[in-house]
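Keep in mind that this is a model prediction, so the values were computed, not measured. Residues take their numbers from the sequence shown, with the count starting at 1.
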Amino acid sequence: EKKARLAQDSTTKGLATCRVLLAELEAHQDAWPFLTPVNHKAVPGYRKVIKKPMDFSTIREKLITNQYSNWETFIVDVNLIFENCERFNEDDSEIGRAGHSMRIFFDKRWAELLM
Ligand SMILES: Cn1cc(C(=O)NCCCNC(=O)c2ccc(F)cc2)ccc1=O
């Protein structure tokens, strides 16, 4: 609730929790399309359609190099992965389904850990 949120926002605890959350996302069985940046040479049209690519390895690098000021900025990048996936992939496709599965998992976990 509100007090907890404020505590999470400012302390490194909030970002430590993001590392826990990222490790869980990377370990998920449906994470494979999102572990590394989409290879736009191998995926025709990707670079043109997706203006802000994002993936778990990029988020990990940004966490390690202190590029997130708080857990909200971390959440924005994770959600970008799912928005890009929905934009580029049919819902009824292997990667589309993996994106929906990961988003459902993430929404539940960050609510438990950070709210
Ligand atoms: C998010 N997205 C991903 C792709 C895509 O083709 N991504 C590469 C999949 C191939 N990567 C693997 O199979 C893999 C990677 C790491 C690993 F540890 C195990 C397997 C295409 C469109 C799109 O929107």
State the [atom1]-[atom2] distance between [X] and [Y], to the nearest 0.5 angstrom.
{"X": "F34", "Y": "H28", "atom1": "CZ", "atom2": "NE2", "result": "10.5 Å"}
{"X": "E26", "Y": "S57", "atom1": "CD", "atom2": "OG", "result": "8.0 Å"}
{"X": "Q67", "Y": "F74", "atom1": "CD", "atom2": "CZ", "result": "13.5 Å"}
{"X": "E86", "Y": "I81", "atom1": "CD", "atom2": "CD1", "result": "13.0 Å"}

Please name the pair of heavy atoms, one in [X] and one in [Y], separated by the smallest distance, quoted to 0.1 Å.
{"X": "C85", "Y": "G96", "value": "SG-CA, 4.3 Å"}
{"X": "F56", "Y": "A31", "value": "CE1-CB, 4.0 Å"}
{"X": "C18", "Y": "W71", "value": "SG-CB, 3.5 Å"}
{"X": "N84", "Y": "P53", "value": "ND2-CA, 3.7 Å"}

inquiry  = Is it true that, when you exclude E90 itself, more than 12 heavy atoms of the residues, nucleotides or ligands shown sit nearer than 6.0 Å to its CD?
reply    =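 No, not enclosed.
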ILVMFWY cluster, [X] and [Y] together (side-chain gap under 4.5 Å):
{"X": "L35", "Y": "L80", "result": "yes"}
{"X": "L25", "Y": "M115", "result": "yes"}
{"X": "I75", "Y": "L63", "result": "yes"}

In the structure I gave you, are the side-chain heavy atoms of [X] and [Y] within less than 4.5 Å of one another anywhere?
{"X": "I50", "Y": "V38", "answer": "no"}
{"X": "E24", "Y": "F105", "answer": "yes"}
{"X": "R103", "Y": "N79", "answer": "yes"}
{"X": "P37", "Y": "T58", "answer": "yes"}
{"X": "L22", "Y": "I59", "answer": "yes"}
{"X": "W32", "Y": "I95", "answer": "yes"}

Whether D107 side chain and W110 backbone form a donor-acceptor pair below 3.5 Å =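 The answer is no, because no donor-acceptor pair under 3.5 Å joins these two groups.
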Do any N or O atoms from the side chain of T65 and from the backbone of E61 form a donor-acceptor pair under 3.5 angstrom?
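Yes: the side chain of T65 pairs with the backbone of E61.
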*Taking only residues at least two apart or on different chains, which pairs with a member in residues 28-56 satisfy salt bridge (charged side-chain N to carboxylate O under 4.0 Å, His left out)?*
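Applying salt bridge (charged side-chain N to carboxylate O under 4.0 Å, His left out) to every pair that reaches into residues 28-56, excluding sequence neighbours, yields nothing.
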- Can R87 and E83 be said to form a salt bridge (Lys or Arg N to Asp or Glu O under 4.0 Å), step by step? CA-CA 6 Å; R87 181 161 303 125; E83 282 137 30; over 6 Å; no
task = Walk me through it: do L21 and V78 pass the test side chain to side chain contact (heavy atoms under 4.5 Å, CB included)?
result = CA-CA 10 Å; L21 201 37; V78 176; over 6 Å; no
When you look at R97 and D92, which way does the salt bridge (Lys or Arg N to Asp or Glu O under 4.0 Å) test go after all the steps? CA-CA 6 Å; R97 275 190 298 277; D92 186 20; 2.5 Å; yes
Do Y68 and D77 pair up side chain to side chain, a donor and an acceptor below 3.5 Å, judged on atom types alone?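 Side chains of Y68 and D77: pair found under 3.5 Å.
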